[in-house]
*Asks:* 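Here's a structure for you.
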Amino acid sequence: MASGKPASGEDSLIARYFRPIATDPGAFQLDDDAAALRANGDDIVVTTDAIVEGVHFLPDDPPDTIARKALRVNLSDLAAKGATPAGFVLTLALRSADEGWLQPFATALGEDAAQFGCPLLGGDTVSTPGPAMISVTAFGRVPAGKMVHRSGARPGERVMVTGTIGDAALGLAVLKGGKVHAAASDAAARAMLVGRYRVPQPRVRLAEIVRAHASAAMDVSDGLAGDLAKLCGVSGVSAVIDLASIPLSDAARDLVSRGVVGVEALIAGGDDYEILCTIPEDRVEAFAAAAESVGIAVSSIGTVVGGTSAPKFIDQQGREVALERLSYSHF
């Protein structure tokens, strides 16, 4: 996103929409070819996610929500690693430089950058004849050697998750119409579900708490069931999950109780951006209390067990539920 004097269309776009929100000294007002990020003795955690029109957001989604989602899905990854935000770079691939789209996009991006303490440092803008794509690479800080990995889960630990699961998948279903849209007749419930899809709530306030208590952690992006399988696979363990313990919002619980959707669909739907972690038994109470102190709900949903088989999901009758799919897959 470097620019000398604003001469080209790209330089003018950067100068107008993104230089005003690149206020960190290390961004050099987007006038250089790179940014400088001070480590301050910490490890720098790096994560990147792209969101693509028609895949992660709909063509008619408001541009401010697209900006927030692009940054927040990366902040969710940082939080799950126990990292506090340090900054991000942005790549935009757009069909045109539409002021009516760019202005609310840049405004919302700047607001979120300030809210979460994650300043814009640089990036790139390109044109594309295809779907719009927004890619963010975010940087976070952790004390040296303290990043929380997927690989630390041990048998006997609790499997815990923040927030509620399945709302974003239902929000997308509402936007697409069909039976979920028809069944979710309450306007407030529909708005909440759509909001969870369009604007994730990264658990940034939980980063230091995860770092202090979790043996393993990752964010739930592709689906709780599939992401748990990934965590268990890297850790060389398995898990037993109580389906009834998986936290659902009132709106989701209502749709499940009426048979509109099954819990199985909610745990494979993705886009939750909650934190999934394993906590040693002697730290569970302290973890829950610390999470409550920053206003984030956590739920114990199962137990880590030995072995390398896929995690088991058990219903209220104690029967194992076979899942048709574990998560969203791009390919």
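The chain is numbered in sequence order, starting from 1. These values consider heavy atoms only, across backbone and side chains, with no hydrogens, waters or symmetry-generated copies.
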*Asks:* Is the closest basic N to carboxylate O distance between D227 and K230 below 4.0 Å?
*Replies:*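 Looking at K230 together with D227, the answer is yes, because their closest N to O distance falls below 4.0 Å.
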
*Asks:* Quick one, L78 and V45 - any side-chain contact, counting heavy atoms below 4.5 Å?
*Replies:*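 In contact.
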
*Asks:* Compute whether any side-chain donor of one residue and acceptor of the other, for T91 and D124, lie under 3.5 angstrom apart.
*Replies:*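 Checked: T91/D124 side chains show no N/O donor-acceptor pair below 3.5 Å.
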
*Asks:* Drop me the distance from L120's CG to T23's OG1, to the nearest 0.5 angstrom.
*Replies:*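 Separation between the atoms: 8.5 Å.
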
*Asks:* Report the C-alpha distance between T48 and V136 in whole Å, list the side-chain angles of each, state the deciding distance to 0.1 Å, and finish with yes or no for side-chain contact (heavy atoms from CB on, under 4.5 Å).
*Replies:* CA-CA 6 Å; T48 188; V136 166; over 6 Å; no

*Asks:* Taking D112 first and then R72, would you say they form a salt bridge - that is, a charged N and a carboxylate O separated by under 4.0 Å?
*Replies:*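 Between R72 and D112 there is a salt bridge, with a charged N closer than 4.0 Å to a carboxylate O.
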
*Asks:* State whether E281 and R154 are salt-bridged, where the test is any N-O pair (Lys NZ or Arg NE/NH1/NH2 against Asp/Glu carboxylate O) under 4.0 Å.
*Replies:*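 No salt bridge links E281 with R154.
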
*Asks:* Under the side-chain contact (heavy atoms from CB on, under 4.5 Å) criterion, do Q103 and Y17 qualify, and how do the steps go?
*Replies:* CA-CA 7 Å; Q103 187 61 67; Y17 296 107; 3.5 Å; yes

*Asks:* Given I66, which of V199, L58, D61, L109 fulfils the side chain to side chain contact (heavy atoms under 4.5 Å, CB included) condition?
*Replies:*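 Running side chain to side chain contact (heavy atoms under 4.5 Å, CB included) over V199, L58, D61, L109 with I66 returns exactly one hit, D61.
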
*Asks:* For atom CD of E292, is the number of surrounding heavy atoms from other residues, nucleotides or ligands below 6.0 Å larger than 12?
*Replies:*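 Not more than 12 within 6.0 Å, no.
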
*Asks:* In the hydrophobic clustering that connects Ile, Leu, Val, Met, Phe, Trp and Tyr at side-chain heavy-atom distances below 4.5 Å, which members other than V234 occupy its cluster, ordered by chain and number?
*Replies:*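 Direct or chained contacts put V234 with none.
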
*Asks:* Any heavy-atom pair between the side chains of Y273 and V73 that's under 4.5 Å?
*Replies:*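 Yes - at least one pair of side-chain heavy atoms lies under 4.5 Å apart.
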
*Asks:* Quick one: are R211 and M147 in side-chain contact, heavy atoms under 4.5 Å?
*Replies:*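 Of all side-chain heavy-atom pairs linking M147 with R211, none is under 4.5 Å.
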
*Asks:* Give me each pair satisfying ring-ring contact (aromatic ring centres under 6.0 Å, His included) with a member in residues 98-156, each pair once, sequence neighbours excluded.
*Replies:*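 Of all non-adjacent pairs touching residues 98-156, those that pass ring-ring contact (aromatic ring centres under 6.0 Å, His included) are W101-F105.
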
*Asks:* Give the other cluster members for F287, using side-chain heavy-atom distances under 4.5 Å between Ile, Leu, Val, Met, Phe, Trp and Tyr residues; answer none if it is isolated.
*Replies:*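 Grouped by the 4.5 Å side-chain rule, V148, M160, L206, I209, V210, I275, I279, V284, V294, I296, V298 form the rest of the cluster around F287.
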
*Asks:* So for atom CG, which belongs to D98, do other residues, nucleotides or ligands contribute more than 12 heavy atoms lying within a distance under 6.0 Å?
*Replies:*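 It does: D98 CG has more than 12 such atoms within range.
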
*Asks:* For a 4.5 angstrom cut-off between non-hydrogen side-chain atoms, does D272 reach D167?
*Replies:*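 SC-SC contact between D272 and D167 ruled out.
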
*Asks:* Taking the side chain as every heavy atom from C-beta outward, state whether D42 and V142 have any pair of such atoms under 4.5 Å apart.
*Replies:*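 D42 vs V142: side chains apart.
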
*Asks:* Donor-acceptor check, side chain of R95 to backbone of G130, threshold 3.5 angstrom: yes or no?
*Replies:*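 Yes: the side chain of R95 pairs with the backbone of G130.
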
*Asks:* Salt bridge between E157 and R283, side-chain N to carboxylate O under 4.0 Å?
*Replies:*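 No, E157 and R283 are not salt-bridged.
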
*Asks:* With a 4.5 Å cut-off on side-chain heavy-atom distances among I, L, V, M, F, W and Y, is there a chain of contacts connecting L243 to V161?
*Replies:*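 In one cluster: yes.
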
*Asks:* Does Y197 have any ring-ring contact (aromatic ring centres under 6.0 Å, His included) partners at least two apart in sequence or in another chain, and if so, which?
*Replies:*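 Y197: no ring-ring contact (aromatic ring centres under 6.0 Å, His included) contacts found.
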
*Asks:* Could you check whether any side-chain heavy atom of P311 comes within less than 4.5 Å of a side-chain heavy atom of V240, counting everything from C-beta outward?
*Replies:*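 No, every pair of side-chain atoms sits at 4.5 Å or beyond.
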
*Asks:* Check whether the side chains of E111 and T107 place a donor and an acceptor atom closer than 3.5 Å, and report yes or no.
*Replies:*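 No, no side-chain donor-acceptor pair sits under 3.5 Å.
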
*Asks:* Between K69 and D271 (salt bridge meaning N to carboxylate O under 4.0 Å), is one present in this structure?
*Replies:*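 Here K69 pairs with D271 in a salt bridge, since their nearest N and O are under 4.0 Å apart.
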
*Asks:* Determine, using the 4.5 Å side-chain heavy-atom cutoff (strictly less than), whether I301 and V321 are members of one ILVMFWY cluster.
*Replies:*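 As far as the 4.5 Å side-chain criterion goes, V321 and I301 are connected within one cluster.
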
*Asks:* Can you get from I134 to V89 by hopping between Ile, Leu, Val, Met, Phe, Trp and Tyr side chains that sit under 4.5 Å apart?
*Replies:*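 Hydrophobic grouping puts I134 apart from V89.
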
*Asks:* Tell me which pairs pass salt bridge (charged side-chain N to carboxylate O under 4.0 Å, His left out) where either residue lies in residues 294-323, with sequence neighbours left out.
*Replies:*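 Residue pairs passing salt bridge (charged side-chain N to carboxylate O under 4.0 Å, His left out), neighbours aside: D315-R319.
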
*Asks:* Is there a side-chain hydrogen bond (donor to acceptor under 3.5 Å, both in side chains) between T278 and S215? Walk through the geometry before answering.
*Replies:* CA-CA 6 Å; T278 55; S215 58; 2.7 Å; yes

*Asks:* Got a salt bridge between R190 and D186, using NZ or NE/NH1/NH2 to carboxylate O under 4.0 Å?
*Replies:*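 Answer for the salt bridge query: no.
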
*Asks:* Compare all side-chain heavy atoms of V261 with those of V256 and state whether any distance is below 4.5 angstrom.
*Replies:*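 In contact.
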
*Asks:* Only pairs under 3.5 Å count here: list side-chain donor-acceptor contacts from residues 171-180, not counting sequence neighbours, and write none if there are none.
*Replies:*
| unit_1 | atom_1 | unit_2 | atom_2 | d |
| --- | --- | --- | --- | --- |
| K179 | NZ | V260 | O | 3.2 |

*Asks:* What I want to find out is whether R141 reaches D43 closely enough, with some N-O distance under 4.0 Å, to be called a salt bridge.
*Replies:*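 D43 and R141: not salt-bridged.
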
*Asks:* Between K146 and E208 (salt bridge meaning N to carboxylate O under 4.0 Å), is one present in this structure?
*Replies:*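 Answer for the salt bridge query: no.
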
*Asks:* If I take atom CD from residue E274 and atom OG1 from residue T164, how far apart are they, to the nearest 0.5 angstrom?
*Replies:*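 Interatomic distance, E274 CD to T164 OG1, rounded to 0.5 Å: 6.0 Å.
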
*Asks:* Can you tell me how far the OG atom of S76 sits from the CG atom of L71, to the nearest 0.5 Å?
*Replies:*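 So the OG of S76 and the CG of L71 are separated by 11.0 Å.
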
